[in-house]
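The figures here come from the full heavy-atom set of this structure, side chains too, leaving out hydrogens, waters and symmetry mates.
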Amino acid sequence: MEFKAGLMDEKAIERALVRISHEIVEKNKGVKDIVLVGIKRRGVPLAERIQENIRKFEDAVIPVSSVDITLYRDDLEEDYETPMIKNAQIDVPIKDKKVILVDDVLYTGRTVRAALDAVTENGRPKSIQLAVLIDRGHRELPIRADYVGKNVPTSRNELIKVMLEEVDGRNAVDIFIKEGIE
C-alpha cells in the first residue's frame, strides 16, 4: 500500500466525535433509553469516547456494549461443514431502547447489515441508528449513517485506515492506494 494522504489527526477525530455526540443527544431529545453498541474492533473505543463526551455535557452515563459480527458476515469464504453458531451477546438490555451502532468506516454496508442481524438477535430495540467516523461511499446495500464524522469520497482502489490510541497506539485517519490496482 502506498500512503496517499492524512485525512484526520487527533484533534479532527476529537472534534468529529464531539459533534456526533451532540447530534445524538439533539436527535433523540436527550439520552433517555439510548444504548451505544460499538462494532468490534474500532467501533468499541469510538462508542466509549462518545459515551464520555455525552457524560461531560449531559451529566448522564449511557450504557455501552460491543458486538462481534464476524459470524454474521455474508461474505465469509470458508465452507463450514457444521452449522455456524451465531451468538453475538450484547451485555446490556436493548429491548425497547434506542440502539446506536458505532463503527469506524462505512463502506459497502455489509458490516452494518451483519451488526443489524446480531443486534436484533439480542432483542427488539425501539430503533437502531448508525454513527460512523468515516463514510467513504460505494454502498452495496441500502444503508446510510445517521451521524457521520467525515464524508470522504474514495475510489475502490483506495483504503481508509482509522487508527485509534486504544487499538493502534495513535489517533489518525489516513488514506492509502492499494498496490497493483488501477
Taking K97 first and then D33, would you say they form a salt bridge - that is, a charged N and a carboxylate O separated by under 4.0 Å?
yes

Contacts of Y147 that satisfy ring-ring contact (aromatic ring centres under 6.0 Å, His included) - sequence neighbours left out:
none

Before accepting this row, confirm whether a basic side-chain N of the pair R113/D117 lies closer than 4.0 Å to the acidic partner's carboxylate O.
yes

Go through the structure and list residues passing side-chain contact (heavy atoms from CB on, under 4.5 Å) with P63, not counting sequence neighbours.
V35, V92

Just wondering, do I134 and Y107 contact through their side chains at under 4.5 Å, heavy atoms?
no

What pairs meet the side chain to side chain donor-acceptor pair (under 3.5 Å) rule with one or both residues in residues 38-48, with sequence neighbours excluded?
R42-D168

Is it true that K4 and E158 have a side-chain N and a carboxylate O under 4.0 angstrom from each other?
yes

Would you list the atom pairs, donor with acceptor, under 3.5 Å between side chains in residues 7-18 and any protein atom, with sequence neighbours excluded?
unit_1	atom_1	unit_2	atom_2	d
D9	OD1	K11	N	3.2
D9	OD1	A12	N	2.9
E10	OE2	N171	ND2	3.4

Charged N to carboxylate O under 4.0 angstrom, E52 versus R49?
no

Other hydrophobic cluster members with M163, side-chain heavy atoms of Ile/Leu/Val/Met/Phe/Trp/Tyr under 4.5 Å, chained?
none

List for me each residue that meets side-chain contact (heavy atoms from CB on, under 4.5 Å) alongside R144, sequence neighbours excluded, and say none if there are none.
D146

Are the charged groups of E140 and R110 less than 4.0 angstrom apart, N to O?
yes

